[in-house]
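Single-structure report; data block below.
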Amino acid sequence: MTSEITTPTELKKMNPVFGQLSFDNHEQIVFCNDKDTGLKAIIGIHNSVLGPALGGTRMWNYENEWEALNDVLRLSRGMTYKSAITGLNLGGGKAVIIGDAKADKTPEMITRFGQFVNSLSGKYITAEDVGTTTEDMNRIHEVTKYVTGISIEKGGSGNPSPVTAYGVYMGMKAATKYQFGSDSLAGKKVLVQGNGHVGETLISHLTKEGALVFVTDIYQDKMENMVAKYGAKIFTGADIYSADVDIYSPCALGATINDDTIYKIRAKVIAGAANNQLAVEAIHGPILRERGIAYAPDFLINAGGIINVYGELYKYSDGEAIRKTENIYNTTLEIFSFADNNNLTTQQAAMQIAQNRIDERKKENASK
């Protein structure tokens, strides 16, 4: 019988955490394990200069623990820049629970996870994400106050997905104006990849405006539901990336713009809700720019959800949350202009503006 345990010497050579590109100077990584409930979770706190790190908890059936770690690192980093570019006084954090949300999740597991969140004393505030629900947030709220997105009945703002979708819609319209000269989506062919809560609400906005929407999802029933409710069409081609559409909208998991797909893309605009759409920012951002594809940075246009839960934390009205989310349109146009004027990709432009805000706050904090 051979041991499958990695020796300390081998582990040191691997540099599995600090040595990874996605680590990107994270402040803290918390590994949460509970044998009784089967909980295996990771909380990533990337940066807390602007405020407590806020980000949702994703439950996903990762192939291995490294995949889960890499995902939480990329996601929490994205949350830092999402809050900064949107002008919110929040840092960046995220959590992942390893497992199948449909088969493995139990109330006891979610409660135990909430207790781990509470142990961080507010440095990390959680919220809903893929694989978790408003009901899960209500359960977490029973053991910690460091949670947002709880139900309206319990004093929260409810599911943030509709506001997230509205922000993506605003960002898509801005990118369309930049690329085509008008922000009208009437008659535009849009491929929406991922038909979950955010994707569905986005599809609703698009079809109301007269866009021709094509849908794709790993679940057939979700696609059929989009056809029945909104008149969308199921994409039946062999390859979604080479689809003859005006706009590609990734609304599922990230890294769909990668070495295998980037030269296939025929769409002239990319604007979607998925996080970390560029597999490697330094490589794929410039390629999109060279190919004349208008890319609306994901961490900017999908910020409606965090704007919504920020309102829950700081008690401003639903109307104010919508107003701030509508402003994603203006910020997106500003990013395109800044990128053109400074010979940057839109991803680089948005990151630079966000980092400048973090750096300024860091100087202010140091001088106090």
Side-chain angles (χ1 to χ4, degrees), residues 18 21-30 43-56 72-95 117 120-127 145-149 160 163-164 167 171 275-276 281-282 285 296-316 320-321 323-339 341-342 344-368:
F18 294 100
L21 182 64
S22 56
F23 179 73
D24 191 50
N25 295 311
H26 271 70
E27 292 179 5
Q28 189 173 1
I29 302 169
V30 181
I43 299 171
I45 299 172
H46 178 253
N47 189 287
S48 60
V49 171
L50 294 174
L54 190 149
V72 77
L73 292 174
R74 284 170 57 86
L75 290 167
S76 56
R77 173 180 178 268
M79 293 304 297
T80 293
Y81 297 108
K82 184 181 299 189
S83 291
I85 196 70
T86 319
L88 306 179
N89 293 321
L90 292 171
K94 205 78 173 184
V117 171
L120 295 172
S121 303
K123 189 171 183 181
Y124 168 68
I125 302 170
T126 196
K145 62 182 180 180
Y146 305 118
V147 57
T148 59
V163 188
T164 301
N275 290 303
N276 300 315
E281 295 169 6
D298 50 62
F299 68 88
L300 166 62
I301 70 170
N302 69 11
I306 196 170
I307 291 171
N308 189 63
V309 297
Y310 185 77
E312 183 178 321
L313 287 174
Y314 292 93
K315 309 301 180 187
Y316 59 65
E320 179 66 8
R323 187 192 68 77
K324 288 180 180 294
T325 302
E326 283 179 345
N327 195 52
I328 287 174
Y329 178 97
N330 297 321
T331 306
T332 304
L333 287 177
E334 290 168 6
I335 291 299
F336 278 111
S337 177
F338 186 84
N341 292 337
N342 292 277
L344 299 170
T345 69
T346 51
Q347 180 79 7
Q348 290 170 332
M351 293 278 286
Q352 183 171 314
I353 291 172
Q355 187 63 55
N356 287 344
R357 181 167 180 253
I358 294 169
D359 291 344
E360 285 299 315
R361 179 64 63 83
K362 196 171 184 178
K363 289 179 183 177
E364 291 172 10
N365 292 343
S367 64
K368 290 179 180 179

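In this chain, numbering begins with 1 at the start of the sequence shown.
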Q | Closest non-hydrogen atom pair, A350 against I335 | A | CA-CD1, 3.7 Å
Q) Minimum heavy-atom separation for Q347 to P297, with atom names? A) OE1-CB, 3.9 Å
**Q.** Flag side-chain contact, heavy atom, 4.5 Å: E27 against S48
**A.** yes
**Q.** Shortest non-hydrogen contact from T148 toward A127
**A.** OG1-CB, 3.4 Å
Q) Do you see a donor-acceptor pair shorter than 3.5 Å between the side chains of N302 and N275? A) yes
(Q) So I306 and S83, do their side chains get closer than 4.5 Å, heavy atoms only? (A) yes
Q | No-hydrogen, no-angle side-chain donor-acceptor test under 3.5 Å, T331 and Y329 | A | no
Q) If you measure from CG on L313 to NZ on K145, what distance do you get to the nearest 0.5 Å? A) 11.5 Å
(Q) Parallel, tilted or perpendicular, judged at 30° and 60°: which one describes the rings of H26 and H46? (A) perpendicular
(Q) Could you measure the distance from the CG atom of L75 to the OG1 atom of T80? Nearest 0.5 Å is fine. (A) 11.5 Å
Q) Given the rule in the side chain to side chain contact (heavy atoms under 4.5 Å, CB included) test, do L50 and R357 qualify, once you have shown the distances and angles that lead to the verdict? A) CA-CA 9 Å; L50 294 174; R357 181 167 180 253; 3.3 Å; yes
Q) Has the side chain of S76 got a donor or acceptor atom that lies under 3.5 Å from a matching backbone atom of K94? A) no
Q) In chain order, what residues pass the salt bridge (charged side-chain N to carboxylate O under 4.0 Å, His left out) check against E320, with sequence neighbours excluded? A) R323, K324
Q) Looking only at heavy atoms, which two atoms of A303 and T86 are closest? And how far apart? A) CB-OG1, 3.5 Å
Q. Do N327 and N330 get their side chains close enough for a donor-acceptor pair, meaning under 3.5 Å?
A. yes
**Q.** N25 and R77 side chains, donor-acceptor separation under 3.5 Å
**A.** no
Q) Taking the side chain as C-beta and beyond, is there a heavy-atom pair between V72 and I43 under 4.5 Å? A) no
Q: Could you check if a side-chain atom of I125 sits within less than 4.5 angstrom of a side-chain atom of V147, using non-hydrogen atoms only?
A: no
Q | Any side-chain heavy-atom pair of M351 and E281 under 4.5 Å | A | yes
Q. Is it true that the side chains of D359 and Q355 contain a donor and an acceptor less than 3.5 Å apart?
A. yes
Q. Would you say the side chain of L54 lies within less than 4.5 Å of the side chain of L88, judging by non-hydrogen atoms?
A. no
**Q.** Side chains of N89 and Y310 in contact at under 4.5 Å (non-hydrogen atoms)
**A.** yes
Q.
Tell me the closest heavy-atom pair linking Y124 and Y146, and the distance in Å.
A. O-CB, 3.8 Å
**Q.** Any donor-acceptor pair under 3.5 Å from E312 side chain to G149 backbone
**A.** yes
Q.
If I compare all heavy atoms of V49 with all of I358, which pair ends up nearest, and what's the gap?
A. CG1-O, 3.7 Å
Q. At what distance, to the nearest 0.5 angstrom, does OH of Y81 lie from CG of N47?
A. 7.0 Å
Q | Test item: I45 and K123 side chains (from C-beta on) under 4.5 Å apart, heavy atoms | A | yes
Q.
Any side-chain to backbone donor/acceptor pair from S337 onto L333? Under 3.5 Å, distance only.
A. no
Q | Distance (rounded to the nearest 0.5 Å) between L344 CG and F338 CZ | A | 6.0 Å
